[in-house]
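What follows is a short report on a single structure.
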Amino acid sequence: MTILQTLTQTIEARKLASPDSSYVAKLFSKGEDAILKKIGEEATETILASKGGDLSHIVYETADLWFHCMVMLSHHGLSSDDVLAELARREGLSGIAEKNNRVQT
């Protein structure tokens, strides 16, 4: 099992926990807007870390961003496996061609 699959299982288990005992449960209890706000905050922190150039800080902030994106995916009944399947579908396809295919469909 990959770390993404393990983390997905942990998120699923904790979203049913008490918001007093679980950060994930607290996010879910506040609803989608709170989850999306947190993704925005983490994206900004990731950008600032990149601009700062500290590699360990970039990794730390990217991990926070990915985690909160996984919470959002779970909110919609999706998981990292869905995103990985989409990335696999795009493998070998140029970015320009993939974007053109999206516009036409």
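In what follows, every heavy atom counts, from backbone to side chain, and hydrogens, waters and symmetry copies are set aside.
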- [ ] Check whether more than 12 heavy atoms from other residues, nucleotides or ligands sit under 6.0 Å from atom NZ of Lys15, and answer yes or no.
- [x]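 For Lys15, atom NZ is crowded (more than 12 foreign heavy atoms under 6.0 Å).
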Open item on the list: Within the supplied structure, the quantity of interest is the number of heavy atoms (other residues, nucleotides, ligands) at a distance under 6.0 Å from Tyr23 OH; does it exceed 12?
Closed with: yes
Open item on the list: The test is side chain to side chain donor-acceptor pair (under 3.5 Å); show your working for His76 and Glu32 and say whether it passes.
Closed with: CA-CA 9 Å; His76 290 286; Glu32 183 178 25; 3.0 Å; yes
Task: Intermediate values then yes/no, side-chain contact (heavy atoms from CB on, under 4.5 Å), Tyr60 and Asp54 - done: CA-CA 10 Å; Tyr60 181 89; Asp54 179 334; over 6 Å; no
Open item on the list: Do Val71 and Leu84 sit in one hydrophobic cluster, given that two such residues count as connected whenever their side-chain heavy atoms are within less than 4.5 Å of each other, even indirectly?
Closed with: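 Yes, same cluster.
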Task: Leu73 reachable from Val24 in the ILVMFWY side-chain graph, under 4.5 Å edges - done: yes
What I'd like to find out is whether the side chain of [X] reaches to under 4.5 Å of the side chain of [Y], using heavy atoms alone.
{"X": "Leu65", "Y": "Ile39", "answer": "yes"}
{"X": "Asp81", "Y": "Thr8", "answer": "no"}
{"X": "Leu7", "Y": "Trp66", "answer": "no"}
{"X": "Leu16", "Y": "Phe28", "answer": "no"}
{"X": "Lys30", "Y": "Lys37", "answer": "no"}

TODO: Go through the steps to decide whether Ser79 and Met70 satisfy the test side-chain contact (heavy atoms from CB on, under 4.5 Å), and finish with yes or no.
DONE: CA-CA 7 Å; Ser79 75; Met70 290 181 71; over 6 Å; no
Working to the nearest 0.5 Å, report the span between [atom1] of [X] and [atom2] of [Y].
{"X": "Leu36", "Y": "Leu27", "atom1": "CG", "atom2": "CG", "answer": "10.5 Å"}
{"X": "Leu78", "Y": "Met72", "atom1": "CG", "atom2": "CE", "answer": "8.0 Å"}
{"X": "Ser29", "Y": "Asp20", "atom1": "OG", "atom2": "CG", "answer": "9.0 Å"}

Task: Step-by-step side chain to side chain donor-acceptor pair (under 3.5 Å) determination, Ser80 to Gln5 - done: CA-CA 7 Å; Ser80 58; Gln5 291 167 328; over 6 Å; no
Using atom types as modelled, flag every donor-acceptor pair under 3.5 Å from a side chain in residues 44-53 to any protein atom, sequence neighbours excluded.
unit_1, atom_1, unit_2, atom_2, d
Thr44, OG1, Gly40, O, 3.0
Thr46, OG1, Glu42, O, 2.8
Thr46, OG1, Glu61, O, 3.2

Task: Expected output: side-chain Ser22 to main-chain Pro19 donor-acceptor under 3.5 Å - done: no
